[in-house]
Amino acid sequence: MDLGLEGRKAIVCASSRGLGKACALALAQAGCDLVINGRDEKTLDATAAELKRAGVTVTAVLADVSTPDGQKQLLAACPEPDILVNNNGGPPHRDFRQLDRQAILDGVTQNMVTPIELIKAVIDGMVARGFGRIVNITSTSVYKPIAGLDLSSGARAGLTSFLAGIARTVAKDNVTINNILPGAFDTDRLRNGIRFGAEKSGVAPEDEAEKRMAEIPAGRFGTPDEFGNACAFLCSSHAGYITGQNLIIDGGAYRSAF
Ligand SMILES: NC(=O)c1ccc[n+]([C@@H]2O[C@H](COP(=O)([O-])OP(=O)(O)OC[C@H]3O[C@@H](n4cnc5c(N)ncnc54)[C@H](OP(=O)(O)O)[C@@H]3O)[C@@H](O)[C@H]2O)c1
């Protein structure tokens, strides 16, 4: 399918690895010029080189997206984006009793305040140009609590509710705001979580991974490509009537009829 995105400009935050990179790759394959981002220079440069092979322009912004300066750099690299994919690292697994005030504020800044600030900066331009696609990478933990990720879940649920009303105010201008909720996708973050879980239960990481896969109706982890392609569709010219939605992609792990 032609996604109708040839020549569109996209900012994909936190995209040197994992799900953000997969979104950037799918958008590059659809013909979008990209601004990508991460904090490790070597990884970011390698990803930029890989994406350029799709024949699009790629600008790499080495910065922490959670900081005002990082956001300024991203917007300077692409002042009039057609597409914004909000992504960031998630807070580490931690019992909520161990979170002090600063840790809580940092988590809320990462997973709620930062995407809102970026949306504020780009949304009026999208409205004026009559095209905009905003996708926020959140988590199935918004619906289904995951032990130790309460801060992440709370901040992302806050983001979801914050944007639900705003999405409806710009729908008539062909600007959409949607969230994609990943279940278990095979990225560095997932593999780190598996190692952490395996150590805690005293089993081999492969056994822990098998156990987790067996709990998923699809019997496997998702591939980043599957995630990136779903994101590219939500950004496509065909998706202007889909807004304010939460798309769970988890191989059926969240068991509900609706
Ligand atoms: N994978 C899953 O199964 C899963 C499930 C549910 C939710 N999620 C959520 O989806 C998001 C992406 O997960 P992932 O699995 O793709 O993680 P990942 O494999 O750890 O990749 C994270 C990416 O974000 C970049 N990054 C992290 N913090 C950043 C910051 N402050 N500023 C700029 N770049 C930053 C990393 O690069 P640098 O480290 O070099 O900055 C890397 O490119 C996370 O918020 C995660 O909690 C993932």
Side-chain angles (χ1 to χ4, degrees), residues 11-26 34-48 50-51 60-74 77 85-94 106-115 117-118 135-157 159-160 179-197 209 212-213 215-216 218 220-228 230-231 246-251 253-254:
I11 297 177
V12 186
C13 305
S15 47
S16 57
R17 290 182 284 115
L19 302 181
K21 177 181 173 182
C23 295
L25 187 58
L34 289 166
V35 170
I36 61 162
N37 159 243
R39 296 163 303 173
D40 179 74
E41 190 167 16
K42 219 170 130 197
T43 312
L44 185 66
D45 287 349
T47 297
E50 194 180 328
L51 295 171
V61 173
L62 183 68
D64 181 341
V65 66
S66 306
T67 62
D69 182 59
Q71 294 177 25
K72 212 164 125 192
Q73 289 186 52
L74 283 165
V85 179
N86 277 312
N87 185 34
N88 206 338
H93 282 76
R94 196 157 295 165
D106 288 348
V108 172
T109 300
Q110 265 181 23
N111 295 129
M112 181 178 175
V113 177
T114 296
E117 287 176 332
L118 284 168
V135 174
N136 306 296
I137 300 180
T138 64
S139 173
T140 47
S141 72
V142 169
Y143 285 163
K144 184 179 72 171
I146 300 177
L149 287 181
D150 313 285
L151 175 56
S152 161
S153 311
R156 295 177 208 260
L159 175 70
T160 305
N179 309 302
I180 309 186
L181 286 58
F185 276 85
D186 205 346
T187 64
D188 294 346
R189 180 173 169 85
L190 183 81
R191 291 289 161 185
N192 289 338
I194 288 171
R195 269 194 294 277
F196 177 79
R212 293 195 189 191
M213 281 191 255
E215 289 162 1
I216 301 169
R220 63 176 178 87
F221 297 139
T223 68
D225 276 1
E226 290 173 314
F227 190 91
C231 175
N246 290 286
L247 176 62
I248 295 177
I249 313 184
D250 68 348
Y254 179 66

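Computed from heavy atoms alone, side chains included, the values below leave out hydrogens, waters and symmetry copies. For ligands, and for the atoms within them, numbers begin at 1 and follow the listed sequence. We're numbering straight along the sequence, starting at 1.
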Report yes or no: does a heavy atom of Arg156 sit under 4.0 Å from some atom of ligand 1?
-> yes
Subset of ligand 1 atoms that lie under 4.0 Å from at least one heavy atom of Ala63 | 32 (N), 33 (C)
Within the structure, does Leu190 bring an N/O atom to less than 3.5 angstrom of an N/O atom in ligand 1?
-> no
Any idea which protein heavy atom is nearest atom 15 (O) of ligand 1, and the distance to it?
-> Thr187 OG1, 2.5 Å
With a cut-off of 4.0 Å, which atoms of ligand 1 are near a heavy atom of Asp40?
-> 40 (O)
Close approach, Thr43 and ligand 1, non-hydrogen under 4.0 angstrom | no
Under 4.0 Å from any heavy atom of Leu19, which atoms of ligand 1 are there?
-> 10 (O), 16 (O), 48 (C)
Run the numbers for me: atoms of ligand 1, each under 4.0 Å from some heavy atom of Asp188, listed by number.
-> 19 (O)
Are any of the N or O atoms of Gly183 closer than 3.5 Å to those of ligand 1?
-> yes
Is it the case that Gln73 and Asp69 place a side-chain donor and acceptor less than 3.5 Å from each other?
-> yes
Does Ala184 approach ligand 1 within less than 4.0 angstrom via side chain, backbone, both or neither, non-hydrogen atoms only?
-> backbone
Numbering the atoms of ligand 1 from 1, which are under 4.0 Å from a heavy atom of Ser139?
-> 6 (C), 7 (C)
Counting from 1 in the order shown, the ligand 1 atoms closer than 4.0 Å to a non-hydrogen atom of Thr138 are 7 (C), 9 (C)
Roughly how far apart are Leu190 CG and Phe221 CZ, rounded to 0.5 Å?
-> 5.0 Å
Restricting to heavy atoms, the pick from Asn88, Leu181, Ile137, Leu44 nearest atom 44 (C) of ligand 1 would be Asn88
One finds that the ligand 1 atoms under 4.0 Å from a non-hydrogen atom of Asn87 are 11 (C), 12 (C)
Can you tell me if Pro224 has a non-hydrogen atom under 4.0 Å from ligand 1?
-> no
Any N/O pair Phe185/ligand 1 closer than 3.5 Å | yes
Spatial distance of atom CD1 (Ile137) from atom CG (Asn111) [nearest 0.5 Å] | 11.0 Å
Val142 and Asn246, any side-chain heavy atoms less than 4.5 Å apart = no
Starting from atom 43 (O) of ligand 1, locate the nearest protein heavy atom and write down its residue, its atom name and how far away it is, to 0.1 Å.
-> Ser16 OG, 2.6 Å
Protein contact to atom 25 (C) of ligand 1 [nearest heavy atom, distance to 0.1 Å] = Ala14 CB, 3.6 Å
Does Cys13 have a non-hydrogen atom less than 4.0 Å from ligand 1?
-> no
Please could you name the atoms of ligand 1 that Gly18 approaches to less than 4.0 Å, counting only its heavy atoms?
-> 16 (O), 19 (O)
